[in-house]
Amino acid sequence: MKLKCLPILLVFALLLSACNLLPDAGGNPRAQASERSIWAMDTQMDLRLYGDSDGKTMAALTARLNELDRSLSATDPDSDLSALNSSGHSEEPRILRLTAEALAVSEQTGGALDVTLLPASRAWGFTTDNKRVPEAAALEALRERVGMDKIELREGVSVSLPAGTELDFGALAKGYAADVCRARIEEDGLSGILSLGGNIQTVGSKPDGSPWVVGVQDPDDAGRYLLTLELSGSKAVVTSGDYQRYFEQDGVRYCHILDPKTLAPVRGSLRAVTVVADSGLRADALSTALFVLGREAGESLWRRLGDFEAVWMEADGSIWLTPGLENLTQGDAFRVIAP
Ligand code: ADP
Ligand code: MG
């Protein structure tokens with residue numbers, strides 16, 4: 001079967017070891033790859049750059065990712081986000097930027113993206129190692145603290161929250177971080193591919209002119225890719241699913257993405273959804289929202305907005321693609337949604 005050799009190939013392409021330099025056959029410095037893996041934003045991040053001969057860009061990216069982690073963490077009491085959550089006010093530009101994007105995507109998706117769910121995530125124990133099903137009454141009591149309508153954004157100036165309302169950028173921070181890294185890599189005239197905890201960001205062109213190959217993981221087998229996408233230029237490929245952060249109780253799987261309508265983990269027929277878009281921030285926000293919406297509502301959203309491509313993986317094993325991905329995709333049997 002054609003797919004069998006893919007995992008090894010992709011592990012080589014995507015899983016990057018500690019910083020090392022691999023000269024290409026011709027010794028062209030622009031084609032030299034350097035790689036580094038770090039832990040930030042509660043996940044492993046693998047960075048591969050081409051042409052970073054003095055290591056300056058890699059050092060800058062590492063510093064930026066660590067700084068963004070410290071700034072945007074909802075659990076670090078010293079972060080800019082925690083300062084907003086405890087004081088109810090922030091003027092930090094990146095907090096304003098993420099809030100503005102969250103409000104825009106929330107509006108476009110009928111509230112499927114909701115960055116005020118932190119008290120509910122906490123009640124389910126997703127912010128700690130003590131995951132559990134909370135009492136229904138305890139969840140209901142959180143309603144008055146939750147909802148995008150609680151956020152008061154004065155664009156470019158400030159964001160304010162009422163007492164008890166807290167923001168969590170878990171659904172879009174890695175996408176934002178990918179945009180920040182991409183800008184730096186482009187500024188330095190380099191290319192590369194980043195995996196920020198499964199958020200893939202390609203930047204520029206591969207030195208040998210071949211397309212970037214990005215694997216879409218099997219929800220039931222982390223070592224296997226169901227599909228591979230061949231992409232050119234700078235693209236974000238972001239997946240949200242029920243298989244990375246979840247717990248099981250009495251045979252039910254509870255995943256870390258909550259439905260704002262129920263304040264409970266999404267229980268639909270989707271295992272995962274992958275979004276391909278130009279902006280990492282948008283791809284990340286949309287992937288979470290599309291997971292909440294389910295495939296049919298997600299298809300309608302795609303028809304309405306048209307600025308992203310998507311792959312839906314359903315519990316029955318079926319895979320659906322938007323038409324723009326059809327010719328870029330190889331792998332298991334898939335179907336293409338109607339335009
Ligand atoms: P991951 O961060 O695992 O890549 P996502 O981008 O889908 O996955 O973000 C999930 C995170 O977003 C959760 O861990 C939680 O912090 C937060 N979250 C959960 N449900 C929602 C939601 N409906 N809207 C916005 N953020 C959410
Ligand atoms: Mg997301």
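Values below: all heavy atoms of this structure, side chains included; hydrogens, waters and symmetry mates excluded. Only a predicted model underlies this, so the values are computations on that prediction, with no experimental measurement involved.
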* **salt bridge (Lys or Arg N to Asp or Glu O under 4.0 Å) partners for Arg70, two or more places apart** => none

* Which heavy atom of Asn66 sits nearest a heavy atom of Trp39, and at what distance? -> OD1-O, 4.2 Å

* Is any side-chain heavy atom of Val238 less than 4.5 Å from a side-chain heavy atom of Thr274? -> no

* Greater than 12 external heavy atoms within 6.0 Å of Gln249's CD -> yes

* **Spacing of OG belonging to Ser37 relative to CE belonging to Met45, to within rounding of 0.5 Å** => 11.5 Å

* **Pairs touching residues 146-163 that satisfy side-chain hydrogen bond (donor to acceptor under 3.5 Å, both in side chains), sequence neighbours left out** => His89-Ser160

* Asked: Which residue pairs satisfy the ring pair (Phe, Tyr, Trp, His ring centres under 6.0 Å) criterion with at least one member in residues 149-202, sequence neighbours excluded?
  -> none

* Can you tell me if Thr62 uses its side chain to pair, donor with acceptor, with the backbone of Met58 under 3.5 Å? -> yes

* To do: For the pair Asp179 (side chain) and Ser279 (backbone), establish whether a donor and an acceptor sit closer than 3.5 Å, ignoring hydrogens and angles.
  => no

* Determine which pairs satisfy salt bridge (charged side-chain N to carboxylate O under 4.0 Å, His left out) with at least one residue from residues 190-208, sequence neighbours left out, and list them in order. => none

* Asked: Just wondering, do Ile200 and Ile193 contact through their side chains at under 4.5 Å, heavy atoms?
  -> yes

* Return the minimal non-hydrogen interatomic distance between Gly147 and Asp114, and the atom names on each side. => CA-OD2, 3.8 Å

* Using the test ring pair (Phe, Tyr, Trp, His ring centres under 6.0 Å), find all partners of Tyr243 that sit at least two apart in sequence or belong to another chain. => none

* Tell me the side-chain hydrogen bond (donor to acceptor under 3.5 Å, both in side chains) pairs involving residues 101-110, sequence neighbours left out? -> Gln108-Arg282

* **Where at least one partner belongs to residues 156-166, residue pairs that pass salt bridge (charged side-chain N to carboxylate O under 4.0 Å, His left out), sequence neighbours excluded** => Arg122-Glu166, Arg145-Glu166

* Do Val292 and Ile257 have side-chain heavy atoms sitting under 4.5 Å apart? -> yes

* Asked: Going by atom types only, do Asp46 and Gln44 share a side-chain donor-acceptor pair under 3.5 Å?
  -> yes

* To do: Enter the distance from Glu326:CD to Arg335:CZ here, rounded to the nearest 0.5 Å.
  => 13.5 Å

* What is the minimum heavy-atom distance between Leu258 and Ala120, and which atoms define it? -> CD1-CB, 3.8 Å

* **Closest approach of Ser287 to Thr239 (non-hydrogen atoms, all atoms of both residues)** => OG-C, 4.2 Å

* Polar side-chain atom of Arg295 near backbone of Val273 as donor-acceptor pair, under 3.5 Å -> no

* To do: Kindly give the heavy-atom pair with the smallest separation between Ser191 and Trp212, and that separation in Å.
  => CB-CZ2, 4.4 Å

* Okay, side chain of Arg132, backbone of Ala123: is any donor-acceptor separation there less than 3.5 Å? -> yes

* Please report the shortest heavy-atom distance between Cys181 and Leu194, naming the atom on each side. => CB-CD1, 3.5 Å

* For residues 110-159, pull every pair meeting ring pair (Phe, Tyr, Trp, His ring centres under 6.0 Å), keeping only residues two or more places apart or in separate chains. => Trp124-Tyr254, Phe126-Phe247

* **Exceeds 12 heavy-atom contacts within 6.0 angstrom, atom CZ of Arg267** => no

* Asked: Can we say Arg36 and Asp52 salt-bridge, meaning some charged N sits less than 4.0 Å from an Asp/Glu carboxylate O?
  -> no

* To do: Check salt bridge (Lys or Arg N to Asp or Glu O under 4.0 Å) between Glu248 and all other residues, then give those that pass, not counting sequence neighbours.
  => Arg253

* Check for a donor-acceptor pair, side chain of Ser318 on one end and backbone N or O of Glu314 on the other, with a separation under 3.5 Å. => no

* Presence of salt bridge, Arg184 and Asp188, under 4.0 angstrom -> yes

* **Residues that Glu187 engages under salt bridge (Lys or Arg N to Asp or Glu O under 4.0 Å), provided they are two or more places apart** => none

* Structure fact -> NZ (Lys131) and SG (Cys255) are apart, to the nearest 0.5 Å, by 12.0 Å

* Donor on one side chain, acceptor on other, Thr228 and Gln330, under 3.5 Å -> no

Considering only distance and modelled atom types, tabulate donor-acceptor pairs under 3.5 Å from the side chains of residues 229-236, sequence neighbours left out.
{"residue": "Ser234", "atom": "OG", "partner": "Glu186", "partner atom": "OE2", "Å": "3.1"}
{"residue": "Ser234", "atom": "OG", "partner": "Gly204", "partner atom": "N", "Å": "3.0"}
{"residue": "Lys235", "atom": "NZ", "partner": "Asp278", "partner atom": "OD1", "Å": "2.6"}

* Residues forming a salt bridge (Lys or Arg N to Asp or Glu O under 4.0 Å) with Asp220, sequence neighbours excluded -> Arg271

* Can you establish whether the number of heavy atoms outside Asp129 located under 6.0 Å from its atom CG is more than 12? => no

* Side chains of Thr43 and Arg245: does their closest heavy-atom pair fall under 4.5 Å? -> yes

